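Below you'll find the structure, written out as structure tokens, and then a few comments.
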Amino acid sequence: MIEEVKLDEKESRLNNRKKLRELSINPYGYPLPYKPNTSVDELKLKFQDENNFNKEDIYILGGRLLNIRHHGKSIFADLLGVNHKLQIYLKKDELNEKFDIFKNYIDSGDLILAKGYLFRTKTNELTLHILDFHFLAKCILPLPEKWHGLKDTEIRYRQRYLDLFINHEVKQNFIIRSKIIKFLRNYLESKGFMEVETPMLNIIPTGALAKPFKTHHNALDIDMYLRIAPELYLKRLIVGNFDKVYELGKVFRNEGISTKHNPEFTILELYQAFADLNDMITLTEDLISSLVYHIHNSFAIEYQGKTLNFNKPFKKISFPTELAKKGVDIEKLRNDRDYLEKISNELKIPKENRVISHVIDKAFDELVKVDLWEPTFVLDYPVEISPLAISKNDNPLYAERFELFVANFEVANAFSELNDPDEQAKRFLEQQKLKEKGESEAHEYDNDYINALSYGLPPTGGLGFGIDRLVMILTNNVSIREVILFPALLPKK
RNA sequence: GGGCUGGUAGCUCAAUAGGUAGAGCAUUGGACUCUUAAUCCAGGGGUUGCAGGUUCGAGUCCUGUCCAGCCCA
């Protein structure tokens, strides 16, 4: 009497792989007996309304098998493409031994090359009638549940590859992300901007108010920093006589991880010589609204159950005016220490952070930002938090700067770039003073940048976008982790 | 950094008041040549995140710890 061997799922899959090898079939594909001449998605699109098929038209396509349905002497299964799946159909009386190989040794998740002709089943499902197939790769690990999918967020992020092919809708976020990035590049190229790459490894981290990641160059034996922004390098290029440049890439900020912050994220920065803040407003409105239309075929979209309208022009408000409406007087914060303490108490700002720049920033976030739903330009930023922007002609305490807010997110930041080297040097020194007073996110002094400005930077408009947040808004996601393929997580022990 | 919630079979989830840890899907064996969450029959599968503690007895209570999610700083 033969004792029945009970195999668990992984053992069974490994056993099937072993059996294939015993039959001299390579479970991993090489060499390919024939190449694909189409794809699941191509066939699905091409034949979505077609009902007449020619058996002479032979299609060869690769894909992952899911949901295999055995019916004795016939088998149905789904072949997974990028956006679609295609049903395949096998009959024993046509495939003979190959049918048995499929029946006995194929597991869900396996990758195969399928060859056959198209027909429609009586339930009208477009189906590939299989004449031959070839193994491409064996899936030796069990798959998540076919109906409920993979819900565990930890596994979804750590093993994104599983998330992508099990939870079909997840892929859409990343397809849209790619479309957005492609659109931005096309848009800027069409306006005469040139894409450049500047260093990610910096001697001094500059261009933003943020904490950097520190690293070390061994051969030079110096500390270096991952960039927190490409800004100062891009403006050096304008000094170098380029007139329209942009960079699209990662920046790194050593801050908390949350649904809205990933330590590395994607930024778009552009600089246009002989332009100013108003040109950046016009560009931003046009760029964002055409992007929204490109993705959604409408200027109005839904985000978290509420409407966002991207019709030009966007709403414009003034930073000090809005804060004044909420009872915070920036002038008084600058000149009256008791008042600053009072506001700090109201905002629960810790003692060590009670610096003018921090209090202004915090007050805006707490009191104004929370109400900014529709696309809104906030103008007239205080100089204390705008060390790289030119001052307004009529009031040097405020900068020619805007931030664009959408759905309570800051999505863009722009200024008329400060191009007076003496004034820039003074601003850097003021930032050092703030740092001494306890502002941990003050701008570093960059001597070489002052040197560059000393050769003459023409009046320049600069603009930066947070790409991840833009993608979140356009894909209706509240967590940045849903739009970053491999978000930062702590290592699993 | 703080608070709250969670972690149980490959996956999705149960488990009354502290009393033998269950189901569906997946998987294994069998039947089935138009199914699509296929169906029908029969099985196997667990160190309940980890380390301690209380108890005759812990998935459940306590302490610590790790990871995740949400909120706050």
Side-chain angles (χ1 to χ4, degrees), chain A residues 1-16 19 44 65-80 84-96 99-100 102-110 118-130 139-160 162-163 165-168 211 254-261 344-345 347-354 358-359 361-362 365-366 370 440-441 477-482 487-493:
Chain A
M1 180 180 160
I2 301 165
E3 209 170 303
E4 196 184 342
V5 186
K6 300 288 182 189
L7 298 176
D8 73 17
E9 186 167 356
K10 191 183 171 187
E11 287 168 342
S12 160
R13 285 167 179 268
L14 286 170
N15 194 45
N16 287 343
K19 292 275 176 53
K44 273 287 193 177
L65 286 170
L66 287 179
N67 204 6
I68 301 162
R69 305 177 288 280
H70 292 265
H71 287 265
K73 294 185 177 61
S74 72
I75 300 172
F76 288 93
D78 296 328
L79 198 61
L80 195 63
H84 299 91
K85 58 185 184 183
L86 176 69
Q87 180 168 261
I88 63 168
Y89 175 60
L90 298 85
K91 287 174 80 173
K92 182 173 168 70
D93 55 10
E94 292 174 0
L95 294 167
N96 304 312
F99 182 90
D100 294 327
F102 193 105
K103 184 181 173 188
N104 294 322
Y105 307 130
I106 279 196
D107 296 297
S108 64
D110 286 359
L118 287 173
F119 74 106
R120 276 193 194 280
T121 63
K122 65 185 183 190
T123 51
N124 210 34
E125 176 89 14
L126 184 70
T127 302
L128 190 73
H129 188 120
I130 299 296
C139 176
I140 55 174
L141 292 174
L143 297 179
E145 218 257 357
K146 65 181 174 186
W147 185 243
H148 297 92
L150 181 62
K151 288 190 175 170
D152 187 316
T153 47
E154 193 172 347
I155 302 176
R156 286 187 50 228
Y157 298 152
R158 287 189 198 282
Q159 296 176 259
R160 182 69 92 179
L162 265 185
D163 190 29
F165 76 75
I166 294 294
N167 299 327
H168 180 254
K211 296 188 193 81
N254 206 342
E255 290 153 17
I257 299 178
S258 76
T259 46
K260 293 178 180 62
H261 299 89
S344 296
N345 283 333
L347 295 170
K348 296 180 184 137
I349 297 172
K351 290 276 181 213
E352 65 273 17
N353 289 336
R354 294 184 175 183
H358 193 90
V359 175
D361 209 35
K362 189 79 191 152
D365 278 4
E366 294 280 312
V370 291
S440 58
E441 298 188 347
N477 275 298
V478 285
S479 173
I480 198 168
R481 291 181 189 131
E482 296 296 339
L489 295 175
L490 289 170
K492 183 90 176 165
K493 294 201 172 167

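All chains are named by letter (A, B, ...) in the order of the sequence lines, taking the proteins before the strands, and each is independently numbered beginning at 1. These numbers were taken from a predicted model, which means no experiment stands behind them.
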Per A/F76 side chain, nearest of listed nucleotides B/C34, B/C70, B/U33: B/C34
Between A/K146 and B/A26, is there a contact of a side-chain N or O with OP1 or OP2 at under 4.0 Å? yes
Assign A/D152 to base, sugar-phosphate, or nothing according to its heavy-atom contacts below 4.0 angstrom with the strands shown. sugar-phosphate
At less than 4.0 Å, is any side-chain N or O atom of A/R158 found next to OP1 or OP2 of B/A68? Yes or no. yes
Ignoring backbone atoms, test whether A/R481 places a side-chain nitrogen or oxygen under 4.0 Å from the OP1 or OP2 oxygen of B/G69. yes
Classify A/F99 by what it touches in the nucleic acid, base, sugar-phosphate, or nothing, heavy-atom distance under 4.0 Å. nothing
Distance between the C1' atoms of B/A42 and B/U33, in whole angstroms? 24 Å
Tell me what A/G149 touches on the nucleic acid: a base, only sugar-phosphate, or nothing, going by heavy atoms under 4.0 Å. sugar-phosphate
Among B/U12, B/A68, B/C34, which nucleotide has an atom closest to any side-chain atom of A/L489? B/A68
OP1 or OP2 of B/A37 less than 4.0 angstrom from a side-chain nitrogen or oxygen of A/N67, does that happen here? no
Between the side chains of A/R158 and A/T153, does any donor sit under 3.5 Å from an acceptor? no
Partner of B/C40 by Watson-Crick or G-U wobble geometry, both contacts under 3.5 Å, or none? B/G30
Please test A/H129 against A/E94 for side-chain hydrogen bond (donor to acceptor under 3.5 Å, both in side chains), starting from the C-alpha separation and ending with a verdict. CA-CA 10 Å; A/H129 188 120; A/E94 292 174 0; 2.6 Å; yes
With a 4.0 Å cutoff (strictly under), does any side-chain N or O of A/S12 reach OP1 or OP2 of B/U28? yes
Under 4.0 Å between any heavy atoms, over every strand shown, what does A/I166 touch: base, sugar-phosphate, or nothing? Just pick one. nothing
Between the base of B/U35 and the side chain of A/Q87, is one N or O donor paired with an acceptor at under 3.5 angstrom? yes
Look at all strands and tell whether A/K151 reaches a base, only sugar-phosphate, or nothing, counting heavy atoms closer than 4.0 Å. sugar-phosphate
Taking a pair to mean Watson-Crick or G-U wobble geometry with both distances below 3.5 Å, B/A58 pairs with none
Please work out if A/I75 contacts a base, only the sugar-phosphate, or nothing of the nucleic acid, heavy-atom cut-off 4.0 Å. nothing
